[in-house]
Colleague: 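Provided herewith is a single structure, encoded as structure tokens, for subsequent inquiry.
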Amino acid sequence: MKIALILSPSILISSASAFAPSTSTPQTYRTSVGPLNMMSLKDCMTNLGKLGLAGAIAVGVAVAPAEALTKAQINELSYLQVKGTGLAGHCAEVVGEDSIKPIAGSKLVDMCIEPKAFAIEEEVGGKNGKTERKFVKAKALTRQTYTLDLMEGPLTIEKGGISFKEEEGMDYAATTLKLPGGQDIPMLFTVKDLIAKGEGDTFKPGYQMTGDFQTPSYRTGLFLDPKGRGGTTGYDTAVAFQALQTSEEGDAILYNENNKRFEITPGRIEMEVNKVNAEESEIGGVFVSTQLADSDMGAHIPKKVLVKGVFYAKVDT
């Protein structure tokens, strides 16, 4: 499958999300390194919507259908035919421009979300020596194991629109990105607990859905940093710097490093359907999502990450 990737500054936006189930996403999320204003992140996604996700399709992700494999073709392959080819890390292609109207009790199953491009918000130099925050293209160091797959959840019709709630599946993947300057940025790519809604009761080309999801901490409580500190185990302080940790002058400097936290942050995604196969009950399209990267369990402010790619799902009635 050949993929053409073009990164457009006009659609590089920001947002974030979490691991544990949550019924609502707070507008302001306070971390151990200070408050994060989620309203500005949502505004960025709103601005993207004004530009039109169709624009993101045109300049973001292009797939060569002639060399893509449909779900039926993939199912015909044996394990040995797939092994070593990279096909397991790609979402299936959908052929057709039909329409599908979900009914009561319908579900989205076998949902696959495959990133094609990553960008990280950074401070870059501008005119007259001023700096400004922009998204810069990042290289994925993780080798094609960041695709989310086999996700599913119920579809409901609410106020004339379709609502999807992700409930289970392979809905998170540890991923490492590299900035142009060489810095490695770990993140947990995810759409966990996604609740996405769209206007209209029929899946067809051009149908858009927007929703929030939860982003888990990249590391768990059992992880130990190079100084042997962890969330639920390990040392409470950096052993080599005990003289600095006297609850006086040096304690504030190392407070965030010593007090590990499993932080949960919000994220946001916009999806647009561009292919529908009514005979196979399949839909496919593109997505743009934003979330926060790893904060080293609260040790530093996490960077904002933009992800663009394609998705596939089957409507089970």
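Count residues from 1 along the sequence.
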Colleague: Can you list the residues that meet the side-chain contact (heavy atoms from CB on, under 4.5 Å) rule with T232, with sequence neighbours excluded?
Modeller: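 Here the qualifying residues are L222.
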Colleague: If the condition is salt bridge (charged side-chain N to carboxylate O under 4.0 Å, His left out), which residues does E123 pass it with, not counting sequence neighbours?
Modeller: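 Residues passing salt bridge (charged side-chain N to carboxylate O under 4.0 Å, His left out) with E123: R133.
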Colleague: Considering non-hydrogen atoms only, spot the tightest contact between T175 and F189 and give its length.
Modeller: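 Nearest heavy atoms, T175 then F189: OG1-CB, 3.9 Å.
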Colleague: Which residue, K134, K304, K303, forms the side chain to side chain donor-acceptor pair (under 3.5 Å) with E122?
Modeller: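 Passing option: K303.
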Colleague: L108 versus I283: any side-chain heavy-atom pair under 4.5 Å?
Modeller: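 In short, these two side chains touch, coming nearer than 4.5 Å.
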Colleague: Restricting to non-hydrogen atoms, name the atom on M271 and the atom on F311 that form the minimum distance, rounded to 0.1 Å.
Modeller: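 Smallest heavy-atom distance, with atoms named: CB-CE2, 3.8 Å.
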Colleague: Can you name the ring pair (Phe, Tyr, Trp, His ring centres under 6.0 Å) partners of F203, sequence neighbours left out?
Modeller: Y207
Colleague: Which heavy-atom pair separates S163 from I195 by the least distance, and what is that distance?
Modeller: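 Scanning both residues, the minimum pair turns out to be OG-CG2, 4.3 Å.
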Colleague: Mind checking what makes side chain to side chain donor-acceptor pair (under 3.5 Å) contact with E76, not counting sequence neighbours?
Modeller: none
Colleague: Looking at residues at least two apart in the chain, or sitting in another chain, which of them share a salt bridge (charged side-chain N to carboxylate O under 4.0 Å, His left out) with K178?
Modeller: D184
Colleague: Could you work out, with side-chain contact (heavy atoms from CB on, under 4.5 Å) as the rule, every residue matching D98, not counting sequence neighbours?
Modeller: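 Only V276, N277, A278 meet the side-chain contact (heavy atoms from CB on, under 4.5 Å) criterion with D98.
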Colleague: Tell me, please, which residues at least two apart from Y312 pass side-chain contact (heavy atoms from CB on, under 4.5 Å).
Modeller: K71, C91, A92, V94, D110, C112, E282, K314
Colleague: Of all residues at least two apart in sequence or in a different chain, which pass the side chain to side chain donor-acceptor pair (under 3.5 Å) check with S281?
Modeller: none
Colleague: With E97, which residues qualify under salt bridge (charged side-chain N to carboxylate O under 4.0 Å, His left out), at least two apart?
Modeller: K275
Colleague: I'd like to check the side-chain contact (heavy atoms from CB on, under 4.5 Å) partners of K101; sequence neighbours left out, ordered by chain and number.
Modeller: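 Checked K101 against side-chain contact (heavy atoms from CB on, under 4.5 Å); matches are D201, T202.
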Colleague: Could you pull out every donor-acceptor pair under 3.5 Å between side chains of residues 141-159 and any protein atom, sequence neighbours left out?
Modeller:
unit_1	atom_1	unit_2	atom_2	d
T142	OG1	T176	N	2.9
T147	OG1	G89	O	2.6
E152	OE2	K107	NZ	2.9

Colleague: Calculate, to the nearest 0.5 Å, the distance between atoms NZ and OG1 belonging to K308 and T290 respectively.
Modeller: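 So the NZ of K308 and the OG1 of T290 are separated by 13.0 Å.
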Colleague: Nearest heavy-atom pair of L177 and F118: which atoms, and what distance?
Modeller: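 In terms of heavy atoms, the two residues are closest at CD2-CG, 3.6 Å.
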Colleague: What pairs meet the salt bridge (charged side-chain N to carboxylate O under 4.0 Å, His left out) rule with one or both residues in residues 283-301, with sequence neighbours excluded?
Modeller: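 Counting only pairs at least two positions apart or across chains, the salt bridge (charged side-chain N to carboxylate O under 4.0 Å, His left out) contacts touching residues 283-301 are R219-D294, R219-D296.
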Colleague: Do T85 and L77 come within less than 4.5 Å of each other through their side chains, counting heavy atoms only?
Modeller: no
